[in-house]
Enquirer: 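Mind looking over this structure? Questions follow.
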Amino acid sequence: MTSTEIAKQVREQRTPDMQFICWWRKEEDFLDYELIDRFLESAGQNQEVGGYELLTTEQMWERLEKVCGKRVMKTQKAGEALIEWDTKGGTKTCPYTPKSMIEIFDIETKGNVVD
C-alpha cells in the first residue's frame, strides 16, 4: 500500500474527532505519529506503507500520557483547556490542541516511537 492510496482511504474514513494518524512501514520496524492534515500534505511522495490507524484527540492524549507519565497533565484556566508539561527546563503550559500534543510527543519520543 502506498501513502497516496492511504490518503484516499483516510479522506473517506476520517471523522471530525480524528486528528492523528499512526502509520508504519511494511517492514513494521518503525512507527510514526502525525497530524492527519500533515500526513495528507506529504502523501504525494507515494512511499510504501504497511498500515495505519486513525486516532482521536483523546486516543492520542492516552498515548502521550503513556510516553510522558505524570509529566503531562490536562488543566483549565479561564475556561481554556491546557496541557502542563514538566520538562528538564521547568514546567511549560501549552494549549490543549492537536498541534501541541504532537509537538510534545515528538520531543518526548525523539522521533523514535516504540509501541
Side-chain angles (χ1 to χ4, degrees):
M1 188 179 301
T2 67
S3 56
T4 304
E5 293 168 329
I6 289 176
K8 183 177 184 236
Q9 291 178 9
V10 167
R11 286 184 182 97
E12 293 169 358
Q13 297 171 354
R14 184 180 188 185
T15 62
D17 62 331
M18 293 177 173
Q19 297 294 318
F20 301 91
I21 184 169
C22 171
W23 63 274
W24 51 91
R25 299 188 316 183
K26 64 181 181 177
E27 296 85 5
E28 295 188 13
D29 62 345
F30 171 94
L31 282 178
D32 196 8
Y33 288 80
E34 291 185 64
L35 294 169
I36 290 175
D37 292 336
R38 191 179 309 161
F39 176 84
L40 292 174
E41 287 172 12
S42 65
Q45 296 173 4
N46 215 23
Q47 53 190 322
E48 283 291 318
V49 176
Y52 70 96
E53 176 184 10
L54 300 180
L55 304 169
T56 65
T57 301
E58 188 57 36
Q59 289 171 315
M60 189 64 195
W61 175 255
E62 291 169 3
R63 296 195 185 187
L64 183 62
E65 283 184 313
K66 185 177 176 185
V67 167
C68 298
K70 296 182 188 267
R71 294 183 300 108
V72 292
M73 184 172 53
K74 284 189 224 178
T75 63
Q76 287 223 345
K77 184 174 183 178
E80 181 183 2
L82 302 169
I83 300 171
E84 288 195 10
W85 174 34
D86 290 333
T87 68
K88 292 179 183 176
T91 301
K92 293 185 178 185
T93 302
C94 309
Y96 183 78
T97 63
K99 183 177 185 241
S100 293
M101 291 171 62
I102 201 72
E103 287 173 358
I104 294 169
F105 191 84
D106 286 346
I107 291 168
E108 288 286 331
T109 62
K110 298 176 180 68
N112 187 13
V113 181
V114 177
D115 202 35

Enquirer: How long is the gap from SG on Cys22 to CD1 on Ile36, to the nearest 0.5 Å?
Expert: 11.5 Å
Enquirer: For Thr75, what residues pass the side chain to side chain contact (heavy atoms under 4.5 Å, CB included) criterion, not counting sequence neighbours?
Expert: Met73, Leu82, Glu84
Enquirer: Can you list the residues that meet the ring-ring contact (aromatic ring centres under 6.0 Å, His included) rule with Tyr52, with sequence neighbours excluded?
Expert: none
Enquirer: To the nearest 0.5 Å, how far apart are CG in Asp17 and CG in Leu55?
Expert: 10.5 Å
Enquirer: Which atom pair, heavy atoms only, marks the closest approach of Cys68 to Ile104?
Expert: SG-CG2, 4.2 Å
Enquirer: Which residues pass the side chain to side chain contact (heavy atoms under 4.5 Å, CB included) test with Glu58, not counting sequence neighbours?
Expert: Thr56, Trp61, Glu62, Lys74, Tyr96
Enquirer: Can you tell me how far the CE atom of Met60 sits from the CG atom of Leu54, to the nearest 0.5 Å?
Expert: 13.0 Å
Enquirer: Please enumerate all residues that pass ring-ring contact (aromatic ring centres under 6.0 Å, His included) together with Trp85, with sequence neighbours excluded.
Expert: none
Enquirer: Using 0.5 Å steps for rounding, measure from the OG1 atom of Thr4 to the CD atom of Gln47.
Expert: 9.0 Å
Enquirer: For residues Ser100 and Ile83, report the shortest heavy-atom separation together with the two atoms involved.
Expert: CB-CD1, 4.4 Å
Enquirer: Taking only residues at least two apart or on different chains, which pairs with a member in residues 32-45 satisfy salt bridge (charged side-chain N to carboxylate O under 4.0 Å, His left out)?
Expert: Arg14-Asp37
Enquirer: Measure the spacing between CG of Asp106 and CD of Glu108 and express it to the nearest 0.5 Å.
Expert: 10.5 Å
Enquirer: I'd like to check the side chain to side chain contact (heavy atoms under 4.5 Å, CB included) partners of Lys99; sequence neighbours left out, ordered by chain and number.
Expert: Thr97, Glu103
Enquirer: From Met101 CE over to Cys94 SG, what is the distance, rounded to the nearest 0.5 angstrom?
Expert: 11.5 Å
